[in-house]
Amino acid sequence: MPDLGDVLLWGTALTSTLAALGFGARLRALGSHPPAAKGVRPRSGKRPRRTQDAVAPNRSPGGPMAKMARPMAFGAALLGAGTWFLLLSYFARADIGYAYVHTHTSTVTESLAYRIAGTWSGQEGSFLLWLWVMAVAFVLVDLLGQRHLLRLRTQAVAGLSGAPQKLHDAERFWALTCALGATYVALFAAMAILKDPFRPTPAVMLSVAPEGFGLNPLLQTRWMLIHPLVTFSAYGVSSVPFAMAMAGMALGTPLWARTSVAWARLAALLYTAALGLGGLWAYEVLGWGGYWAWDPVETASWLPWLGTVATLHGLLLAQRGRLFPLVPQVLAAMTFCLTLFATFATRLGGIWVFSVHVFDPSTTSDPTLRFIEALTSSAFNVVLLASLVATALAVTLLAGRILRNDVEVPIEPMRRPWAAVLTDRSNLLVLPTTLGGLAALMTFFLLINRTEGIDPDEFDLKLAPFVMLAAIGLTWLHLGWAKDRRLPLLASLAGLGSGIVTLLLLPGRPLLAGVLPVLCVALGAIGWDLGRAMVGRHGARARARLVLVPLIHLGVMLILVGYSTSQWLTYEGQLTLQEGTPATLGSYTFTLERIEQGTDTVQLHIAVTSAGTPVGEASPGSTHFANAIATQNRTELSILTHGIDDIYVVYKSHLQAQGRSMAIIDVKVLPLVTPIWSGMGCILLGIAGRIVLLPARY
């Protein structure tokens, strides 16, 4: 007899498939042109006469198949929620009769919170969460679309000029958007079925680990309770701008720009929060003394965030006539492709590089063999890769059709003469080629990249040009209000000149030394513009709107300045401490007071002082975890804050003999880390403010 979870999962796949067919039937029935409204003669001051051919306010083309689209979409969301919460309940009671539960939790070692966190600690649970969020998102899209259509139907019945055409275009747009959304929900449900999250635990595994294997020790932290939830919610929300952009390109309607901006802002908010929480997790738990580890998942997760931000800026520039309207559509569509790419490259067998986030680690170090192994070991991997390739190919082909004038897209002439060449569609035929080249480059990099990941110094070197360009661009943007147009140029040149001088004085630090002056100039320009917005003669609501963009950019610069400064001024060392004997690193003195050792734990108590002034007590240590087949020690680090410094203390080893204790610790002093977290807060506050104060108008 099938498990209830399997029934719910198959039901999700079936209802989402029927929803996709229903929305497709509605789109097909609407046709390319609105029906003629014969016999309607609007008269001044009177409601129009309605005949059999007039536009009806509740018209539902497509027959029975189209009528069941919305109920099926609601059913898919409800069944997806049921599947997710059923799996959650299995983890809450540690029902190790299910193989996925048995692998990621234990009946005796974890608290209730960590048992629940095990739900999204593996591939199956996190994928179900992604599926559910996406299904709910498209139900909300359908509801918002119906509200928009109701207003247009009212205008059409009232006989307003052009209302029937607007209604027809909007009906087609919402039908195609929901059809695409339901299609991807059905596809994800099929992939979840392939993963089989409700399979029973084999008897041999129960005999090896009768209490379950337990949650990975590195995941037993408070950040595990929220970080994956935010991350996969961002993945689900990012599918909405993708579907709207594809519908806009296919139908040639500008409606997608107004409707997708709010979803793109929400995705940007969630992606930013996910990156910030991941940075805090790495900084406070994983023990390498940094905000991110240059682990591939950090870099890969940055790609869809960058795509979402680029989409928002592209929408703004297109509305002002400074960018070809197709560009933000392609960016919105490709952002979802980047999400799929990040998932495939970093989470399926460590194809890109070995990562702490890999769900199914590969047994070989050769990237090409890992790629082949991933495709031959699981049908899920094949379907996910095929989905990525098909989606990227669809975006490229659709953009190519538009550029060949097969699909009409309303294009306004750009206002700047120097950019007029960009409006020529024949010149923009390079866009599909560029996208294809990008996909090929991703595949090439995926196959040849080193297995140990990116070295931090190499990461800084590669990041430097992009950071410098961003700083110069923000300087010009926030000084653009000045009457003297030479001011942004002079400020940028001053920053570049200072960077060159710094490089000459401090060779070997291209990012930290050369870019920091440019970042400081940009930070000053943004602060100046922010101050102008705050003291301007505007109402409270208008002033808040003017402040939000500089606030977001201020957050970006604070992160970059804090990162560059802290990495530049960081110093570290390894200390051997004997009980009662002080040891010094920089301006700080460390004295081992005692060592507490339990059955599975070791904890040091170290007094830290600076110039004779107590700073606090550092308590690094180690915790021993064991299950039926493996043991693992987790380093428990300690962070003290003194002035602008974070004192990062990591336990290495200890020895107790002849009544004396000795310990070895790694110490890293990182200055100016606070601006990084403050900058992240500024970005979140600014994006949230724009969502609240600048709602999308459907």
Side-chain angles (χ1 to χ4, degrees), residues 126-127 130 133-134 137 180-181 184 187-188 191 228 230-246 249 260 263-275 278 292 294-315 326-348 351-353 355 357 371 374 381 383-399 431-447 449 454 462-463 466 470:
S126 57
F127 204 79
W130 187 354
V133 172
M134 189 162 56
L180 288 171
Y184 273 86
L187 177 63
F188 274 51
M191 286 191 283
V230 176
T231 300
F232 286 98
S233 295
Y235 285 4
V237 170
S238 68
S239 62
V240 176
F242 157 75
M244 289 181 172
M246 294 292 285
M249 286 193 289
S260 65
W263 291 97
R265 287 172 181 161
L266 179 58
L269 180 70
L270 293 172
Y271 274 126
T272 303
L275 289 174
W292 293 274
W294 300 276
D295 186 89
V297 79
E298 276 79 17
T299 305
S301 297
W302 181 69
L303 293 177
W305 176 88
L306 188 63
T308 303
V309 172
T311 301
L312 288 171
H313 287 80
L315 284 168
L326 180 62
V327 174
Q329 287 177 296
V330 173
L331 288 173
M334 290 304 294
T335 297
F336 186 67
C337 297
L338 290 173
T339 302
L340 294 176
F341 173 78
T343 302
F344 181 79
T346 63
R347 294 180 179 271
L348 301 181
I351 296 171
W352 192 344
V353 290
S355 164
H357 298 83
F371 184 83
N381 298 355
V383 175
L384 181 58
L385 179 61
S387 303
L388 168 60
V389 173
T391 303
L393 184 62
V395 176
T396 303
L397 293 178
L398 193 53
L431 183 61
T433 305
T434 303
L435 295 177
L438 178 63
L441 190 62
M442 281 183 176
T443 304
F444 178 74
F445 180 70
L446 182 148
L447 292 176
N449 194 33
I454 300 177
K462 293 180 177 179
L463 189 63
F466 300 101

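Only heavy atoms go into these numbers, but all of them, side chains included; no hydrogens, no water, no symmetry mates. Nothing fancy with the numbering, it's 1 onward along the sequence.
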Would you compute the distance between atom [atom1] of [X] and atom [atom2] of [Y] and round it to the nearest 0.5 angstrom?
X	Y	atom1	atom2	answer
Trp263	Ser239	CH2	OG	8.5 Å
Ser260	Leu312	OG	CG	8.5 Å
Ser387	Leu187	OG	CG	4.0 Å
Leu385	Phe341	CG	CZ	10.5 Å
Leu338	Met334	CG	CE	6.0 Å
Leu388	Phe336	CG	CZ	9.5 Å

Heavy-atom pair of closest approach, residues [X] and [Y]:
X	Y	result
Ala245	Ala333	CB-N, 4.3 Å
Ala234	Ala267	CB-O, 4.5 Å
Ser238	Thr339	OG-OG1, 3.9 Å
Ala243	Gly181	CB-N, 4.5 Å
Val240	Ala137	CG2-CB, 3.8 Å
Ala273	Val230	CB-CG1, 3.9 Å

Under the ring-ring contact (aromatic ring centres under 6.0 Å, His included) test, residues paired with Phe127 that sit two or more places apart: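 By the ring-ring contact (aromatic ring centres under 6.0 Å, His included) rule, Phe127 matches Trp130, Phe188, Phe380.
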
Minimum side-chain heavy-atom gap [X]-[Y] below 4.5 Å:
X	Y	answer
Tyr184	Thr391	yes
Val330	Met249	yes
Val309	Thr272	no

Partners meeting side-chain contact (heavy atoms from CB on, under 4.5 Å) with Ala310 (sequence neighbours left out): Leu331

Listed partners of Thr335 passing side-chain hydrogen bond (donor to acceptor under 3.5 Å, both in side chains), at least two apart: none

